[in-house]
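Read through the structure below, which is laid out as structure tokens, and then see the notes.
Whatever order the structure lists them in is the order used to number ligands and atoms, beginning at 1.
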Amino acid sequence: MYKTITATILCLLLTNSIFVYSQVADKYYLLKATQFYDSEKNVFIKDQEVLIKNNLVVDVGNQLTLPPNTEVFDFGNATITPGLIDAHTHILLDQKIDHPLAVDAMLVSPEARVLRAAKFARSYLDAGFTTIRDLGNSGQYLDIEVRNAINKKYISGPRLLVSGPVIGSMDGQIDGIPLADFDRVSRQENSMVSGVEEAKKAVREHIARGVDVIKILAIGNRLVLSLDEMKAIVETAHSERIKVTAHCDRDWAAQNAIEAGVDGIEHAYGFKEATLQKMVKKGIYVVPTYGSTHTIRQYLKLQNQSYTEEDLENNAASWKEWIRELKAAGVTIVAGSDAYVDLETSRGESAKQTIWGYADAGLSPEDVLQTATINAATALDMKDRIGVIKENAFADIVVFEGDMKTDIKKSLFEVKMVMKNGEIEVIK
Ligand SMILES: [Zn+2]
């Protein structure tokens with residue numbers, strides 16, 4: 001009896017292994033189009049072909065030699081770019097236009113937030129984003145659950161890198177919490193620390209649970225992390241090879257974050273030239289989370305406010321000027337939408353307004369794409385793997401209709417194909 005069972009198991013194992021071998025034949029794709037964006041050289045190149053083997057790019061060039069059974073896609077008048085990256089988003093949050101931030105976090109259950117996040121994640125893929133970085137306001141590690149569900153293919157979405165709860169001082173970042181609920185909701189959405197030891201412990205807890213990046217509040221609603229606390233956070237994270245990015249929207253509050261050695265700064269509104277130069281010197285990137293004129297229009301419409309096109313342009317003018325100032329200062333700009341408000345449109349499309357906004361501010365098509373590809377990949381500590389189409393990079397690729405070099409504002413919204421990790425997720 002025992003021998004029979006053993007023989008049966010062996011036989012099954014053998015059958016299974018033959019079966020598995022027959023399933024793992026290499027899959028080849030060749031993608032070609034009239035325009036190709038090279039993010040490393042920051043140039044467009046005509047008539048390139050991209051050869052993909054399983055989940056990796058294996059060659060880029062002209063008239064490549066194709067292995068047998070290669071599936072060829074000739075997209076004609078179109079542009080091939082690396083998959084877009086949104087380095088700052090919040091897919092566990094969906095603030096209604098006239099609610100304070102606290103309402104969503106207080107009233108929507110963790111289960112409902114996760115299910116909703118699955119929808120937002122898919123919308124990012126549809127819009128051409130193959131990687132997004134979620135930076136907090138995700139309850140206690142709900143972002144990790146969503147990331148793992150995508151990795152296990154329970155749901156489809158872009159690569160997701162997550163921060164877990166944002167580490168800040170004792171006030172956190174959620175506005176509008178009734179005093180009676182302050183402690184519960186703040187602790188649900190943030191890691192509030194006081195002192196160097198608590199700061200170190202929070203970083204270790206985050207890393208133990210599996211975060212990809214540490215996000216801190218250089219300044220929260222009112223309170224700042226001290227220089228010593230931020231130094232402790234950065235040193236602890238870096239010793240575990242994890243990067244740190246800081247929410248900071250005031251120039252004075254950025255000084256300690258820069259001195260503490262953070263890797264990036266989110267928002268950076270109104271930073272002075274001298275501060276930007278300090279960042280350039282230390283190689284600190286900035287994620288300017290601005291939408292576009294269209295985003296402002298959606299806000300005003302949903303708030304039932306009247307406006308003229310001139311109002312919109314006036315409103316957007318200072319933002320556009322600011323993007324140009326960042327560019328002129330030479331600081332590395334990384335695309336990030338900070339999309340967390342329900343604008344009654346697809347979350348992915350809504351996030352793409354940030355990239356459109358950079359183009360509208362006057363950045364060249366090459367520079368715009370660089371913010372959402374190689375610059376973002378470097379910020380996410382994934383340089384050479386994503387944000388670039390070259391040998392051994394993950395096959396994260398988007399094909400847009402038309403020529404992005406001549407009409408990025410139109411082309412950006414006409415996605416023809418999205419490939420993530422060698423798998424076609426969208427094809428039109
Ligand atoms: Zn944010």
Hey, can you tell me if His88 and His90 have their rings parallel, tilted or perpendicular (30° and 60° cut-offs)? perpendicular
Which of the N/O/S atoms in Asp338 sits closest to the Zn ion (ligand 1)? OD1
In His88, the N/O/S atom nearest the Zn ion (ligand 1) carries the name NE2
Hey, is there an N, O or S on His267 sitting under 2.8 Å from the Zn ion (ligand 1)? no
Salt bridge check: are Lys96 and Asp342 linked by an N-O gap of less than 4.0 Å? yes
Does the ring centre of Trp319 sit less than 6.0 Å away from the ring centre of Tyr358? no
Within the 3.5 Å criterion, strictly below it, is a donor on Asp171 or Asn221 matched to an acceptor on the partner's side chain? no
